[in-house]
Protein chains: 2
Amino acid sequence: MKEIFAGGAPPAPAALAAKVRTLAPSMTRSMQRVAEAVAGDPAGCAALTVTGLAELTGTSEATVVRTARLLGYPGYRDLRLALAGLAAHQQSGRAPAVTADIAVDDPIADVVAKLAYDEQQTLADTAAGLDTVQLGAAVAALAAARRTEIYGVAASGLVAQDLAQKLLRIGHVAHAHSDPHLAVTNAVTLRAKDVAIAITHSGSTGDVIEPLRVAFEHGATTIAVTGRPDGLVSAYADHILTTSTARESELRPAAMSSRTSQLLVVDCLFVGVAQRTYETAAPALAASYEALAHRHRNG
Amino acid sequence: MKEIFAGGAPPAPAALAAKVRTLAPSMTRSMQRVAEAVAGDPAGCAALTVTGLAELTGTSEATVVRTARLLGYPGYRDLRLALAGLAAHQQSGRAPAVTADIAVDDPIADVVAKLAYDEQQTLADTAAGLDTVQLGAAVAALAAARRTEIYGVAASGLVAQDLAQKLLRIGHVAHAHSDPHLAVTNAVTLRAKDVAIAITHSGSTGDVIEPLRVAFEHGATTIAVTGRPDGLVSAYADHILTTSTARESELRPAAMSSRTSQLLVVDCLFVGVAQRTYETAAPALAASYEALAHRHRNG
DNA sequence: GTCACCTCTGGAAGGTATTTTCAGGCCGGG
DNA sequence: CCCGGCCTGAAAATACCTTCCAGAGGTGAC
């Protein structure tokens with residue numbers, strides 16, 4: 001019995017097609033049919049059992065196993081695993097054109113992929129563009145603050161609320177305002193040692209700038225979270241945190257990516273404050289979980 | 001030779017780690033050990049037989065098979081194939097860069113990097129784990145809806161508001177409710193052709209389940225956006241959209257990544273509806289920009 | 001505290017897939 | 001025409017996967 005060893009190489013990576021071509025001359029006719037099928041449709045063959053592949057190629061199980069051996073695998077089982085890997089690999093190769101804008105007739109799966117990709121991109125941009133010195137200063141101010149007021153309207157208003165919710169959970173006195181009148185009324189009461197945060201993508205939202213200006217003039221420490229650091233809001237901000245500005249399109253309003261960006265900044269502020277006030281933050285967070293437990297029903 | 005083709009959803013793509021995290025809470029201890037091993041070292045596990053994996057995890061073959069089933073595969077054999085594919089996949093896209101948890105003494109720059117990475121991961125997991133058929137059905141229901149009511153409390157409440165805001169901007173009648181009493185009162189008024197959406201990470205938030213149940217019983221089409229598709233909320237949902245569940249830590253509450261995940265899902269719903277109602281959505285969106293222009297000051 | 005019930009779990013039986021064995025057939029050479 | 005070697009596939013043997021079942025462990029009710 002002659003054993004043909006296909007080189008001392010380990011099983012085989014993704015270069016299966018090449019290996020098939022190299023070894024084809026040393027194969028018998030039946031084995032060539034099997035090898036051909038395998039190289040031609042890895043994904044399809046990975047779904048077949050040894051019997052199935054034998055039938056497909058008009059050969060026998062024994063031949064399939066022999067072919068697998070010749071290709072360098074211990075048996076068909078391992079060839080099949082490699083085939084599955086190869087299939088996954090070359091599927092990942094054909095990357096969908098996620099860079100394109102979302103079109104009206106895009107299938108829903110593409111919409112998901114494109115949105116996810118864009119938001120990931122926004123996060124990366126934001127992280128890269130965030131000034132850690134400014135962020136550190138903002139965190140320090142927040143951690144030392146007696147109370148914190150956060151101003152934002154529309155989409156930014158939700159970000160403001162998000163931050164307020166989280167700060168409250170670690171025992172930090174914070175409140176979000178969406179009503180411009182109440183916001184100004186509130187800003188008047190601020191003093192030194194208080195912090196005011198304005199969140200506005202455009203940097204020119206009057207309803208948010210106004211309360212920040214008032215807070216600034218009353219001596220509070222002011223922070224602006226904005227996509228336009230050159231905007232009007234910056235005039236009244238001690239610390240400016242820049243969010244990224246992604247391109248928008250008809251079907252994807254700017255609010256979408258600015259929100260993602262703002263939330264990351266706000267999360268950073270939160271975690272930074274939690275770090276600095278860990279002694280009180282950790283128990284407060286635990287207590288808030290505890291307090292809400294009974295509001296969840298167990299099935 | 002028996003070939004069994006399951007008519008339902010396709011087994012599962014490369015979103016295995018996400019699926020493990022999503023389903024982990026509904027798993028038994030032994031199954032969790034298996035799932036953990038599988039998610040932690042796909043390549044290694046792909047090389048093991050049922051018996052091998054059972055020994056490695058200190059469980060039995062039966063448990064391994066049960067876990068494979070729970071993850072959506074017909075049996076261990078298919079899980080193993082998927083694992084091989086996943087291994088090949090993540091080898092090509094090298095650098096898994098497992099981020100450490102955020103520590104109390106992490107410098108602020110690390111906090112930014114880790115948070116950004118985690119949220120990106122959450123987005124990828126969510127996109128991979130989202131059932132596009134369910135999503136499509138939900139979009140269709142929304143697009144045809146007379147009006148839409150969205151229920152969510154705390155962090156999920158903000159997501160609910162975000163969706164409502166956006167739908168309103170394209171001329172879709174939508175409203176978000178955070179007050180449980182008002183939500184139930186509101187749900188009572190729903191009929192067929194109306195849509196109710198419940199957003200809850202835990203899937204067991206009574207204050208949100210209750211209005212959805214009422215809406216469901218009054219004949220409205222109901223949608224659940226939840227991280228626990230096996231939760232109580234699903235009992236009253238016509239369509240279930242699963243958000244991803246990321247590990248949380250002391251300094252990084254679950255609310256953070258669940259929010260990111262929920263927002264992506266909600267964005268997909270929005271864009272889907274905008275596509276389907278493009279004729280009215282596009283002008284409405286343009287008009288909303290127009291209407292807000294004067295609220296921005298030019299410097 | 002005890003009991004009943006339900007769920008989880010692993011051992012072992014049962015089935016399927018893979019591997020090995022082996023005998024028959026094809027083909028070229030004598 | 002006969003012989004010998006090699007290829008080939010059927011079937012046995014084995015390994016692997018799946019299913020079934022009974023015991024263990026925990027939980028809630030009384």
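Computed from a prediction, not measured in an experiment: that's the story for all the values here.
- Computed from coordinates, the R80(A) CZ to dT16(C) C1' distance equals 12 Å when rounded to whole Å.
- Each of T205(B), L232(B), L212(B), V153(B) was compared with T200(B) under the side-chain contact (heavy atoms from CB on, under 4.5 Å) criterion, and only T205(B) meets it.
- Checking the phosphate oxygens (OP1, OP2) of dG10(C), a side-chain nitrogen or oxygen of T63(B) falls inside 4.0 Å.
- Checking dT18(D), dT19(C), dG10(C) against the side-chain heavy atoms of V50(A) singles out dT19(C) as nearest.
- Contact annotation for G58(A): backbone-only contact, meaning every heavy-atom pair under 4.0 Å involves sugar-phosphate atoms and none involves a base.
- Rounded to whole Å, the distance from CG on L53(B) to P on dC17(D) is 10 Å.
- A donor-acceptor pair shorter than 3.5 Å can be found between the side chains of T57(B) and T59(B).
- To the nearest angstrom, C1' of dT9(C) lies 16 Å from CE of M27(B).
- Among the heavy atoms of the strands lying under 4.0 Å from R29(B) are primed sugar atoms or P, OP1, OP2 only; no base atom is included.
- For the residue pair S258(B)/S261(B), the side-chain donor-acceptor check at 3.5 Å is not satisfied.
- Per the geometry, CZ belonging to R66(B) stands 12 Å off P belonging to dG11(C), to the nearest Å.
- Side-chain contact annotation: H201(B) with Q262(B), donor-acceptor N/O pair under 3.5 Å absent.
- Checking the phosphate oxygens (OP1, OP2) of dT8(D), a side-chain nitrogen or oxygen of S30(A) falls inside 4.0 Å.
- Listed candidates were dT20(C), dA17(C), dT18(D). Nearest to the side chain of R69(A) is dT20(C).
- For dT14(D), neither phosphate oxygen OP1 nor OP2 lies less than 4.0 angstrom from any side-chain nitrogen or oxygen of R77(A).
- Distances shorter than 4.0 Å separate none of the side-chain N or O atoms of T28(B) from OP1 or OP2 on dC8(C).
- Between S60(A) and T63(A), the side chains place a donor N or O and an acceptor N or O closer than 3.5 Å (distance only, hydrogens not considered).
- Distance CG (L79(B)) to C1' (dC16(D)): 15 Å, rounded to an integer number of Å.
- Straight-line distance from the CD atom of E55(A) to the C1' atom of dG9(D): 13 Å, rounded to whole Å.
- As a whole-Å value, the separation of E61(A) CD from dC22(C) C1' is 15 Å.
- Of the candidates dG9(D), dT18(D), dT19(C), the closest approach to any side-chain atom of Y76(B) belongs to dT18(D).
- Distance CE (M31(B)) to P (dT9(C)): 8 Å, rounded to an integer number of Å.
- With dT21(C), dG10(C), dC17(D) as the candidates, the nucleotide lying closest to the side chain of A62(A) is dT21(C).
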